[in-house]
Amino acid sequence: MEGQSVEELLAKAERDEADKLQRITVHKELELEFDLGNLLASDRNPPSGLRHGEPNPEAELRALARDNTQLLINQLWQLPTERVEEALVARLPEPTTRLPREKPVPRPRPLTRWQQFARLKGIRPKKKTNLVWDEVSGQWRRRWGYQRARDDTKEWLIEVPGSADPLEDQFAKRIQAKKERVAKNELNRLRNLARAHKMRLPSSAGMHPTGHQSKQELGRALQVAKVSTASVGRFQERLPKEKAPRGSGKKRKFQPLFGDFAAEKKSQLEMLRVMNSKKPQLDVTRATNKQMREEDQEEAAKRRKTSQKGKRKGGRQGPGGRRKGGPPNQGGKRKGGFGGKMNSGPPGMGGKRKGGQHQGGRRRK
Amino acid sequence: MFGSHNKKRPNNLVIGRMYDYHVLDMIELGIEKFVSLKDIKNSKCPEGTKPMLIFAGNDFDVTEDYRRLKSLLIDFFRGPTVSNIRLAGLEYVLHFTALNGKIYFRSYKLLLKKSGCRTPRIELEEMGPSLDLVLRRTHLASDDLYKLSMKMPKALKPKKKKNISQDTFGTTYGRIHMQKQDLSKLQTRKMKGLKKRPMEKIAEDQERKSKRMKKN
């Protein structure tokens, strides 16, 4: 008896559940595609009830809309919810529909001057701690910024160095020096930014809005202004001591078709001789410069690779041997000065120069 | 969006979008029937609610024109992208049906009714403007320009989770990388009976010392 009633109860409960669910279930042949991030639903089923070209399909459209919306709401109600200020809020996923962008993807920026240099030399940023122990205040303080550990400007006593004027204000001097450093940093930052945007900016006459321009920029602006006349600068007079600008004139110079026969014969024979000779003719300076540049870059890349691998394995192997021997790059990059300056070079560099002269490639161990 | 009316093209509506300061896509639609907001007399939903968009009809996937139109309409009507949404605030539905060469655009206001379970039952009330549209001319971007405009920068691409894989049965496997262990210092279960007694320890030490002497 009891068993029967229990079964009955269960059956009744099932029927109730089915009834409830009936109110919100919709039967469709093809499942809809949902993009909940955009609150979007796409129904692929061909709308069957409306094929006849009825004059007023409103009711059918409405029924179709109701069904589709019910399905979308079912999906939305299944999202994880939270209660924010007595309102039930569902967390939406990322939208999956890919839509075209309005502006193109930003191009990678050109490297700043420091980044180029660091890349060439293989310098990587050292990892520094955020806080530094400050003896004076007896606590951990920032390395830089507000309330930093060693603040120059907050000192109450500055010794006047022996070489300075006793009546000079050392405090003001320090503040002035800091201001200058800040201004210089800002200028460099803006220059880097300008270099990054060089392609985008309209190349106007080249006048800078703030008036701070380098000599080359001013020269270029002057050139452009000169040439922007109706006769392309032909009748513009030059100032008494002004020199002709660099880079003006024909871009390529061609020898006249027939002129100096002897010179032409000589150059042709020279070319043939070079082509025939077994030994390759080596331009020593260019070769050494190229070699130096390559070696620099290789070592930088190798150091970058080893540090990366080392980091992954959980320990740094240490940078591969640092080169010793002063500023060798400067010695090598002076083009065409090797042979001529052999005698007048500083004695310390004599050995390197000699090595450079005889063997183009090997200049250091 | 641009609307015009001339003798040749009555009741024209042009929807378009831009990419890189140039026109990417433009689609011209003709309005056949129009019912405005004012003509339907009932309460409206507040301006600026994010609408739900529903596209019905398999035409929207078959033809390239219709696919672009769908993408254009989504772009146009979807509203700002939000991460959370208040469930009670979902009031507005835009329903597009593609049928017999016409596109029926209807907007409905949502009424949530009680159903037995947590998810409410939906009743719709026609609210907003409704249009019957016909596709006229299109000016679509070429395929490669479209592809270019869809390019996403690396930062926005979803990041792949590393060291997690799934096999065919759906079991998820993870990979853990460990440092090298010093096996001599492993901590095992302590069996009291196997503990070295002090006498044995001394004997071992003596053995080792004698071995070393022999080698030297």
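A, B, ... follow the sequence lines: proteins, then strands. Residue 1 opens every chain.
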If you count heavy-atom pairs under 4.5 Å with chain A, which of [options] comes out on top?
options                             : result
B:Lys50, B:His95, B:Glu126          : B:His95
B:Asp25, B:Leu112, B:Ile54, B:Leu24 : B:Ile54
B:Tyr21, B:Tyr146, B:Tyr19          : B:Tyr19
B:Ser71, B:Gly79, B:Ser83, B:Gly89  : B:Ser83

NZ/NE/NH1/NH2 to OD/OE distance under 4.0 Å, [X] and [Y]:
X       : Y       : value
A:Lys12 : A:Glu8  : no
B:Lys8  : B:Glu28 : no
B:Asp59 : B:Arg67 : no

Pair [X], [Y]: side-chain N/O donor-acceptor within cut-off below 3.5 Å:
X        : Y        : value
B:Thr63  : B:Asp65  : no
B:Ser149 : B:Arg17  : no
A:Asn192 : A:Arg195 : yes

- Backbone of B:Lys38 reached by a side-chain donor or acceptor of B:Ser36 within 3.5 Å: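 A pair under 3.5 Å: yes.
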- Is a side-chain N or O of B:Asn11 found less than 3.5 angstrom from the main chain of B:Gly30, in a donor-acceptor match?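 No; judged by distance alone, with no hydrogens or angles, the pair does not exist.
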Is chain A contacted by the side chain of [X], its backbone, both, or neither, given a heavy-atom distance below 4.5 Å?
X        : result
B:Tyr108 : side chain
B:Leu148 : neither
B:Arg118 : both
B:Asp20  : both
B:Leu72  : neither
B:Lys70  : side chain
B:Met52  : both
B:Lys114 : backbone
B:Thr81  : side chain
B:Ala141 : neither
B:Arg86  : both
B:Leu110 : side chain
B:Pro120 : both

Should we count [atom1] of [X] as having more than 12 external heavy atoms under 6.0 Å?
X        : atom1 : result
A:Glu94  : CD    : no
B:Asp39  : CG    : yes
A:Arg101 : CZ    : yes

- Message: I need the A:Asp43 CG to A:Leu64 CG distance, nearest 0.5 Å.
- Response: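 One finds 6.0 Å between CG of A:Asp43 and CG of A:Leu64.
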- Between A:Gln70, A:Arg91, A:Lys103, which shows the greatest number of heavy-atom pairs under 4.5 Å with chain B?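 Option with the greatest count: A:Gln70.
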Non-hydrogen atoms of chain B under 4.5 Å away: do they reach the side chain of [X], the backbone, both or neither?
X        : answer
A:Ser42  : both
A:Leu76  : both
A:Glu82  : side chain
A:Pro104 : both

- In chain order, what residues pass the ring pair (Phe, Tyr, Trp, His ring centres under 6.0 Å) check against B:Phe77, with sequence neighbours excluded?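 With neighbours one apart ignored, the set is B:Phe96, B:Phe105.
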